[in-house]
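Since the structure comes first, as structure tokens, the remarks are kept for the end.
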Number of protein chains: 2
Amino acid sequence: MLEPVTLAHVAREAGVSPSTVSRILNGTANVTPEKRVRVEAVIARLNFRPNPQAQALAGGRSLSIGVITPSLHSTFYGEALAGIEAALDDTPYHPLVISGQWRTEREQEALDVLLARRVDAVILLGGILDDEILQHVARRVPLIAVGREVRGLSECCIVLDNAAGMRLVAKHLLSLGHRQFAYISGAERQSDALERRHAFLGTLQAAGLTVPDGLIQVGNYTEDGGRLAAQRLLDTGLPFTALACANDQMALGARLTLYRAGLRVPEDVSLTGFDDVVTSSLMTPPLTTVRQAIYDIGTVAAREALNLLAGQPVNRQLFTPELVVRDSTAPSPSPSPAEAQA
Amino acid sequence: MLEPVTLAHVAREAGVSPSTVSRILNGTANVTPEKRVRVEAVIARLNFRPNPQAQALAGGRSLSIGVITPSLHSTFYGEALAGIEAALDDTPYHPLVISGQWRTEREQEALDVLLARRVDAVILLGGILDDEILQHVARRVPLIAVGREVRGLSECCIVLDNAAGMRLVAKHLLSLGHRQFAYISGAERQSDALERRHAFLGTLQAAGLTVPDGLIQVGNYTEDGGRLAAQRLLDTGLPFTALACANDQMALGARLTLYRAGLRVPEDVSLTGFDDVVTSSLMTPPLTTVRQAIYDIGTVAAREALNLLAGQPVNRQLFTPELVVRDSTAPSPSPSPAEAQA
DNA sequence: CTGAAAGCGCTAACAT
DNA sequence: ATGTTAGCGCTTTCAG
């Protein structure tokens, strides 16, 4: 285990003081070109990298940006993480990721750990922490929230127009002639889940249609939640020709239930999701969904965090959703003669 | 932005020296019960958390464990990451994740960054770095490699018995009566891809069967690679009734190609994967695959890393694979009369 | 423009 | 058992 080379080594080797090396490293002050060249040569030769721990301690910045994600193995949040990492790539900052696992205590704990690690900023992906707590945190450290609205912090929120997106879905389904709908919603505590559901039901209502209570089930944005919710839907025995899910992961789970029940997609029931996770285009059949450029949103979140750090004002980012029509939706099956008579 | 409370504050407040507080924090030495209680009370009241940066600098340990993963948004590696995070949860250590994106330079860079950050150990998930480089790294910092064999470092490798797993698949397919096979392999540079392919082809050979060159295509362990490889397979026009893929993600991609081509799974072609990623059980139809408990492997990797840190010897971990039969495989379709005559 | 010196918050000998 | 004293590697006044 070799001894790591320190700034002091470099200074000695180059025949200058540590401060000079530091200044060159940070561009803090002007240095004679010849010294700069000399020092830079030594840095390169020794392959010196400043110790971030020491920099953090002395400089008061940790050079790391905390990220709280609900899950590490979610196709959706994984993409966001990839975007954040990519955006931070050319900067001296590094993401420090902790998962909250959809549990308030875990999220709180994650926040504590990140603050203890003195992260310079925090990016919160989704999550269920109270607005009050977040407002408090935002006072200690620059905060960016993705995919959720935080009261009093709307400038720092990067959100998608959920209502507009879900309206697109509802209209698409209506235009295909569907009249009997089922809906799988996200958890009530999440604002985006509420927005999506409200927009879906609202659009149908505007068209003079309602969805019976039994055909609205709550999943929790996970594949398994979707699978179970779809089962409850079928258990009601109520008819429907279109099933809209509040996100792609639940649509994937629901699709399994439909398969097991011998229902064909889209011949028997049209299925839709929301988010356009990468795997959705690979489903059988490929899923009709709403594109939310989550990777890009991740990069924007990281950049906004950097801006906040630099003391620049952030301005609210609202992403526009886009309907992606694939094979999982088709015209409503014409009712069988018997049903038509009924 | 409140001032963080420091160990010095706690010491003053409790009327003891900083060292005493430190000792209590680390359990380094015995402290009078009464003092301990007093100090602990103050710690709780002030909600004090030691600054990890300072601990790192003074103690020579960063309390973080570097993790290099090929990808942040992979269902497979995501699970491993979740396992690692979970195993580290009750320890003072924290994972620092960087993605290598299947590019040697990126992996090298990731390694450099982690070493610069003075991580206490490194866990390498898959990856394509040369064995020589890893041997060198292992001399500087405890290293655990997951899913790959590193020459001269076999003790630190956590691997699955790839050959045994793929043999299970081949035998399963043979027992279903299949005689015409196609195979989608991982990249040549990865040892596990090689092992799996060799085992598959070897088992068929032992049964007196060979696979024509055109029906062996190389993907790169990604969904898209599988999709493309499957297309090349179909383009050859050669017949096959079973398609084995070297991992689940490629099987998912291949499944899309089959769907587009109007081929039914498993009626027209049986499809298999490897890994048993969570989403595989949700495919339409659910995928027959080899279970590799990747989450568990992640936790073991983290624990082994901790062991290495503690100076305890690690012993080579070999996981045993298990066949999971689902709906994507079925008896070989009886050849049509025309084919039977040919 | 540059060096000397004083910490950042903590740990780890070294004393006592 | 506990306090005192040095640093860890770097940044940042403060002089010059």
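Every chain is numbered from 1 and lettered A, B, ... according to where its sequence line falls, protein lines coming before strand lines. Side chains are part of it too, since the values below use all heavy atoms of this structure and drop only hydrogens, waters and symmetry mates.
No donor-acceptor distance shorter than 3.5 angstrom exists from the side chain of A:Q101 to the backbone of A:S71, with no hydrogens or angles considered. Looking only at distances, a side-chain donor or acceptor of B:S74 sits under 3.5 Å from a matching main-chain atom of B:Y77.
Ion pairing between a basic and an acidic side chain is recognised when a charged N comes within 4.0 Å of a carboxylate O; A:R148 and A:D131 show such pairing. A salt bridge links B:R106 to A:D89: at least one charged side-chain nitrogen sits closer than 4.0 Å to a carboxylate oxygen. Between B:R139 and B:E132 there is no salt bridge, since no side-chain nitrogen of the basic residue lies less than 4.0 Å from a carboxylate oxygen of the acidic one.
DNA chain D is contacted by B:V16, B:S17, B:S19, B:T20 of residues 6-22 of chain B, taking any non-hydrogen atom closer than 4.0 Å. Proximity of residues 26-37 of chain B to DNA chain D (heavy atom under 4.0 angstrom from any strand atom) is restricted to B:N30, B:V31, B:T32, B:K35.
From one end of the helix from C:dC1-D:dG16 to C:dT16-D:dA1 to the other, with five pairs defining each end axis, the axis direction shifts by 40° (rounded to 10°).
When rounded to the nearest whole Å, the span between CG of A:L25 and P of C:dT2 equals 15 Å. Taking atom CD1 of A:I24 as the reference point, atom P of C:dT2 lies 8 Å away to the nearest angstrom. Atom CZ of A:R118 is separated from atom C1' of C:dC8 by 11 Å (rounded to the nearest Å). A:N51 places its CG atom 17 Å from the P atom of C:dG9, with the value rounded to the nearest Å. Here C:dC10 presents its P atom at 9 Å from CG of A:L57, a figure rounded to the nearest Å.
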Could you list the donor-acceptor pairs under 3.5 angstrom formed between side-chain atoms of residues 26-39 of chain A and any protein atom two or more places apart in sequence or on another chain?
| unit_1 | atom_1 | unit_2 | atom_2 | d |
| --- | --- | --- | --- | --- |
| A:N26 | ND2 | A:S22 | O | 2.7 |
| A:N26 | ND2 | A:S22 | OG | 3.4 |
| A:R38 | NH1 | A:A14 | O | 2.6 |

Do any side-chain atoms of residues 301-319 of chain A form donor-acceptor pairs under 3.5 angstrom with protein atoms, and if so which ones, sequence neighbours left out?
| unit_1 | atom_1 | unit_2 | atom_2 | d |
| --- | --- | --- | --- | --- |
| A:E304 | OE2 | A:Q317 | NE2 | 3.0 |
| A:R316 | NH1 | A:E149 | OE2 | 3.4 |
| A:R316 | NH1 | A:S154 | O | 2.9 |
| A:R316 | NH2 | A:E149 | OE1 | 2.9 |

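Nearest-nucleotide assignment on DNA chain C puts the 5′-proximal partner with B:F48, out of B:R23 and B:F48.
Here the closest heavy-atom approach between residue A:L96 and residue A:L114 is recorded as O-CD2, 3.8 Å.
Residues A:V67 and A:L125 are in side-chain contact: their nearest non-hydrogen atoms beyond the backbone lie under 4.5 Å apart. No side-chain heavy atom of B:V21 sits less than 4.5 Å from a side-chain heavy atom of B:P18. B:I43 places a side-chain heavy atom less than 4.5 Å from the side chain of B:L25.
Mapping heavy-atom proximity under 4.0 Å, the span of DNA chain D touched by chain B runs 5' to 3' from D:dA1 to D:dG9.
The CD atom of A:E107 lies 5.0 Å from the CD1 atom of A:I128; values are rounded to the nearest 0.5 Å.
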Using the side chain to side chain donor-acceptor pair (under 3.5 Å) rule, take A:S99 and B:E85 through it: C-alpha gap first, then chi angles, then the decisive distance, then the call.
CA-CA 8 Å; A:S99 71; B:E85 193 195 34; 2.5 Å; yes
